[in-house]
Amino acid sequence: MTANLPPQPDPAAAPEVDELLQDVDGVVVDWDGTVVDNAEIRLSALQQALTPHGVDVDPQWYALNCGLPIREVIARLAGPRTLPVEEIVPASRRLLLNGPPPRLIDSTVKLLRRAEALGLPRAVASAAARVLIHPVIDRPGLGELLPVVVTAESVARGKPAPDAYLEAARLIGRAPARCLAVDDAPDGITSALEAGMRMLAVRDGLLIPVPGLTPG
């Protein structure tokens, strides 16, 4: 079962950072769309890489599936067709690496800075490749906020499986149930909830608590 995104947030009702971090022993965040605001850049790069192969990407479909590893995204777009994944993935990555650096998402960075001040360990749990994360995370000040990074290469199963969030919790030495996760995509939210973490979703730049999964 894949989690749904929370409803449109009311900025006036958004919880304060200290409230969000109450009774938490660690913070684990997604990368794309959570720490960096790069959804449009990623969609553009993927579309450019797919255009020579006659594949169009619907933006609404992409918004619901962007939390998946890129190979799974391509497989779903391909349907019964066979696409040259090993050509498309590097083409998309080259476009991303050669493009402008993405903007940071202020609410997530604020949460991380407060967690750092409180002495809480912090990690990234991403379905993205290492090569796409480290050029940005190595910016001055950001690496200190996120000293532990789990990427697509770190785990056997990508999101919505819980592996990335579980590995991040292991690396920071905290029980998953004591960690606060932040993600922006349905598959990422499902991944964190399946790992047993408390959950915040990024919606319109705000951090919104997400209830746990219900069976069925």
Is a side-chain N or O of [X] found less than 3.5 angstrom from the main chain of [Y], in a donor-acceptor match?
{"X": "T190", "Y": "P186", "result": "yes"}
{"X": "S191", "Y": "A161", "result": "yes"}
{"X": "E153", "Y": "R130", "result": "yes"}
{"X": "N38", "Y": "I41", "result": "no"}
{"X": "R81", "Y": "A78", "result": "yes"}
{"X": "S154", "Y": "T151", "result": "yes"}
{"X": "R42", "Y": "L96", "result": "no"}

One thing to verify: whether [Y] and [X] come together as a salt bridge, which I'm taking to mean a side-chain N less than 4.0 angstrom from a carboxylate O.
{"X": "R203", "Y": "D184", "value": "no"}
{"X": "D187", "Y": "K159", "value": "no"}
{"X": "D37", "Y": "R103", "value": "yes"}

Co-members of the apolar cluster containing V150 [side chain, <4.5 Å] |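 Traced through the cluster, V150 reaches V28, V148, V155, Y165, L171, I172, M197.
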So V29 and L200, side chain to side chain contact (heavy atoms under 4.5 Å, CB included) or not? Walk me through it.
-> CA-CA 9 Å; V29 296; L200 301 175; over 6 Å; no
Results of side chain to side chain contact (heavy atoms under 4.5 Å, CB included) for R71 - residues two or more places apart only =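 By the side chain to side chain contact (heavy atoms under 4.5 Å, CB included) rule, R71 matches V85, E86, V89, R93.
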With sequence neighbours excluded, what pairs up with S107 under the side chain to side chain contact (heavy atoms under 4.5 Å, CB included) test?
-> I105, L207
Heavy atoms, side chains only, cut-off 4.5 Å: are [X] and [Y] in contact?
{"X": "P121", "Y": "R174", "value": "yes"}
{"X": "L97", "Y": "P135", "value": "yes"}
{"X": "E72", "Y": "N65", "value": "no"}

Tell me yes or no: between the side chains of Q47 and T51, is some donor less than 3.5 Å from an acceptor?
-> yes
Looking only at heavy atoms, which two atoms of A45 and L95 are closest? And how far apart?
->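 Minimum heavy-atom separation between A45 and L95: O-CD1, 3.5 Å.
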Closest non-hydrogen atom pair, P176 against L166 |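 In this case the closest contact between P176 and L166 is CG-CD2, 3.7 Å.
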